[in-house]
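Heavy atoms only: backbone and side chains are in, while hydrogens, waters and symmetry mates are out. Throughout, a chain's letter reflects where its sequence line sits, starting with A, and its residues are numbered from 1.
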Amino acid sequence: MAKELTKREENYSQWYNELVVKADLAENSAVRGCMVIKPYGYAIWEKMQAALDKMFKDTGHVNAYFPLFIPKSFFSKEAAHVEGFAKECAVVTHYRLKNAEDGKGIVVDEDAKLEEELIIRPTSETIIWNTYKNWIQSYRDLPILCNQWANVVRWEMRTRLFLRTAEFLWQEGHTAHATKEEAIEETEKMLGVYAKFAEEFLAVPVIKGLKTENERFAGALETYCIEALMQDGKALQAGTSHFLGQNFAKAFDVKFLSNQGKQEYVWATSWGVSTRLMGALVMAHSDDNGLVIPPKLAPFHVVIVPIYKTDEQLTQISEKALEIKKLLEDKGLSVKFDDRTTHKPGWKFAEYELKGFPVRIAMGPRDLENGTVEIARRDTLTKEFVNAEGIDEYIVKLLDEIQENIYNKALKFRTENTFKADNWEEFVDVIENKGGFVSAHWDGTAETEEEIKNKTKATIRCIPLDSVEENGKCILTGKPSKKRVLFAKAY
RNA sequence: CGGGGUAUAGCGCAGUCCGGUUAGCGUAUCUGCUUUGGGAGCAGAGGGUCGCAGGUUCGAAUCCUGCUACCCCGACCA
């Protein structure tokens, strides 16, 4: 029993920390707050990237790359934006090192001080809008629909693998449009892309909504988000899409000549998802045995484990196993055949469960005789013997079923953990004793939101896009409200 | 950044209070034999700058000072 995992019920956050490390997703690095994403974890991230990248391209976007360094002066051009990020920026001040005079090690060469400090991007709006200024003259140059895959740095006080690290990987889309309507449409379209990705690939149901002023992106007029519920009843923001209005166009003086012959400021959006999605994946589906990865994001769909006593049996089983592997690969599946003789079957079973392989095939001498294989599902932990004939069709169907089951399970959990509260007592009771989403009335003021946060640690996750008009009273102040908003404690 | 905790073999820990042989234990690793349908058994072997840097002392894992990293709780944040 080399890799005992803490049970979720005993200590959820310890379970998460251990699982991320033990399943080989990531580990802490020598640099404070920064993680090493290990090959297995990175393989999942690459699957996410591939799916998202395709969705971006399918909606007309192209990839580009902008610098890691941003001149300090760019940063101060948009007031709200500076305010939002100033406290967590890493700054480059020098460009050279030299040997220390006392001969002990190496020091910063004070003579190599930069004229202007460079900020390591916490996000790229400023450098990109400085660039777009040169790209845009007329309405014919619009829209610009760029995305970049990059790393960013935000100097966080308290970090956790994937959920909040000082450096993280993400994609940031930055678009420029001739009209407000088109920019808003783009913002909403990309939110839809994220929601579709979350539900179809991550198998995590999400609520689409608008952020309140408090939670809005610094520099945006409106921030849209998708919010997911984790198994411990806390919410996780899984993606954001911002309508930036003309804030950055004005800050960087980006104008275009309209088809009416008028100089106008460009309308902007930006949108992003990060390696935080890895945290969502872990916390939404996994169990006390380890990861549960939805088939559409699993680096391997199937592992085949041979069971044998003699070398001769192994040879025979391998032959059949490789046949099956080939059949499955012809269906576009990725399959691992683990014929290592250094580990026993039981060990392998536990290992692949920990790593979340959706399907395991075990084949032994009895199966060879009967023409069967044993198939184990990771999501339900059930096993059955299946005829080896037609196994490829069977597994393809099974993987679809698993993907769907994982989603339905998460949806059921969210439904069962979403509550309505109509007064303060009910609200506090749910937040403190049950967790989950709480749908409640709010008077619309930042002060009330702040006070609720101070009293209960719950924040407004979003104003759901599909929330219906309904007359009610704010749970804290009793003032009139026309809509319910969604509260939760959040990551 | 504030409060608390931790740092000893790849991993998990004991030893630290009260300084004193060659720093232990479990697990993992290596070798051999037996095993193989849910984390195998026996025998043997290898593996340590005791987080880092100073200091006290005849002598430091142990006492003192500083630093670093990680974990938990707050503030901040995606």
Interatomic distance, [X] [atom1] vs [N] [atom2] [rounded to whole Å]:
X: A:L354; N: B:C11; atom1: CG; atom2: C1'; result: 14 Å
X: A:W155; N: B:A78; atom1: CH2; atom2: C1'; result: 17 Å
X: A:I317; N: B:G37; atom1: CD1; atom2: P; result: 12 Å
X: A:K348; N: B:U36; atom1: NZ; atom2: C1'; result: 10 Å
X: A:H343; N: B:A28; atom1: NE2; atom2: P; result: 11 Å
X: A:R378; N: B:G38; atom1: CZ; atom2: C1'; result: 14 Å
X: A:R360; N: B:G38; atom1: CZ; atom2: P; result: 10 Å
X: A:K22; N: B:G12; atom1: NZ; atom2: C1'; result: 9 Å

- Item | Residue list, side-chain contact (heavy atoms from CB on, under 4.5 Å) with A:D232, at least two apart or on another chain |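 With neighbours one apart ignored, the set is A:Y12, A:M230, A:K234, A:Y491.
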- Message: Using the side-chain contact (heavy atoms from CB on, under 4.5 Å) criterion, which residues pair with A:T456? Sequence neighbours excluded.
- Response: A:W424, A:F427, A:V428, A:I431, A:I452, A:A458
Can you sort out which residues in [range] have a heavy atom within less than 4.0 Å of RNA chain B? Ascending by number, please.
range: residues 297-310 of chain A; result: A:I307, A:Y308, A:K309
range: residues 189-216 of chain A; result: none
range: residues 362-376 of chain A; result: A:A362, A:G364, A:P365, A:R366, A:D367, A:E374

- Message: Are the side chains of A:I119 and A:F74 in contact, using a 4.5 Å heavy-atom criterion?
- Response: no
With the criterion being N/O to N/O and under 3.5 Å, what pairs connect the protein with nucleotides 70-76 of chain B, and how long is each?
unit_1, atom_1, unit_2, atom_2, d
B:C70, OP1, A:G33, N, 3.1
B:C72, OP1, A:N17, ND2, 3.3
B:C73, OP2, A:R158, NH2, 2.4
B:G74, OP1, A:K457, NZ, 2.2
B:G74, N7, A:R158, NH1, 3.4

- Query: Touch check for A:L236, heavy atoms < 4.0 angstrom, all strands: base, sugar-phosphate only, or nothing?
  - Reply: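 Nothing: the residue A:L236, judged by heavy atoms under 4.0 Å, touches no strand.
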- Message: Students often get this wrong, so: under 4.0 angstrom with heavy atoms, is A:F217 touching a base, only sugar-phosphate, or nothing?
- Response: nothing
- Message: For residues 269-292 of chain A, which residue pairs pass the side-chain hydrogen bond (donor to acceptor under 3.5 Å, both in side chains) check, not counting sequence neighbours?
- Response: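 Output for this query lists A:R8-A:D288, A:E125-A:S270, A:T175-A:T269, A:E186-A:W271, A:T269-A:W271, A:D287-A:R378.
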- Sequence neighbours left out, what pairs pass side-chain hydrogen bond (donor to acceptor under 3.5 Å, both in side chains) with at least one residue falling in residues 29-40 of chain A?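 The answer is A:D24-A:K38.
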- Message: Which nucleotide wins on minimum distance to the side chain of A:A350, given the candidates B:U36, B:A78, B:G39?
- Response: B:G39
- Should we say atom NZ of A:K326 is surrounded by more than 12 heavy atoms from elsewhere, each under 6.0 Å from it? no
- Message: With a 6.0 Å cut-off (strictly less than), is the heavy-atom count around CG of A:D311, excluding the residue itself, greater than 12?
- Response: no
- Query: Any N or O donor-acceptor pair linking the side chain of A:K344 to the base of B:G37 at under 3.5 Å?
  - Reply: no
- Item | Stepwise side chain to side chain donor-acceptor pair (under 3.5 Å) check, A:E18 with A:T6 | CA-CA 7 Å; A:E18 283 181 11; A:T6 298; 2.8 Å; yes
- Message: So does A:P67 get a backbone contact from the side chain of A:R121, meaning a donor-acceptor N/O pair under 3.5 Å?
- Response: yes
- So, A:N387 side chain and A:E389 main chain: donor-acceptor pair closer than 3.5 Å or not?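 At least one qualifying donor-acceptor pair exists.
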- Given the C1' atoms of B:U68 and B:G59, what is the spacing between them in whole Å?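 Result for the C1' pair: 28 Å, nearest Å.
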- Query: Relative to each other, are the rings of A:F217 and A:H242 parallel, tilted or perpendicular (30° and 60° limits)?
  - Reply: parallel
- Task: Hey, can you tell me if A:F300 and A:F357 have their rings parallel, tilted or perpendicular (30° and 60° cut-offs)?
- Result: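 A:F300 vs A:F357 ring planes: parallel.
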- Item | Protein-to-nucleotide contact annotation, 5' to 3' order, nucleotides 41-46 of chain B [B base; S sugar-phosphate only; - none; under 4.0 Å, heavy atom] | ------
- Query: Closer to the 5' end of RNA chain B via nearest nucleotide, is it A:F349 or A:R461?
  - Reply: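 Its nearest nucleotide lies further toward 5', so the answer is A:F349.
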- Upstream residue (5' side of RNA chain B) when A:T165 and A:T341 are each assigned their closest nucleotide: A:T341
Could you go over nucleotides 6-10 of chain B and give all protein N or O partners under 3.5 Å, atom names and distances?
none

- Stepwise salt bridge (charged side-chain N to carboxylate O under 4.0 Å, His left out) test for A:R154 and A:E167: CA-CA 6 Å; A:R154 296 179 188 175; A:E167 180 192 14; over 6 Å; no
- Item | A:E449: partners by salt bridge (Lys or Arg N to Asp or Glu O under 4.0 Å), with sequence neighbours left out | none
- Task: Identify, with sequence neighbours excluded, every residue that meets salt bridge (Lys or Arg N to Asp or Glu O under 4.0 Å) alongside A:K325.
- Result: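 For A:K325 the salt bridge (Lys or Arg N to Asp or Glu O under 4.0 Å) partners, ignoring immediate neighbours, are A:E329.
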- Passes ring pair (Phe, Tyr, Trp, His ring centres under 6.0 Å), A:Y132 versus A:H174? Steps please. CA-CA 10 Å; A:Y132 280 1; A:H174 294 272; 7.4 Å; no
- Message: Salt bridge or not between A:E222 and A:K211? Use side-chain N to carboxylate O under 4.0 Å.
- Response: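 Here A:E222 does not pair with A:K211 in a salt bridge, since their nearest N and O are not under 4.0 Å apart.
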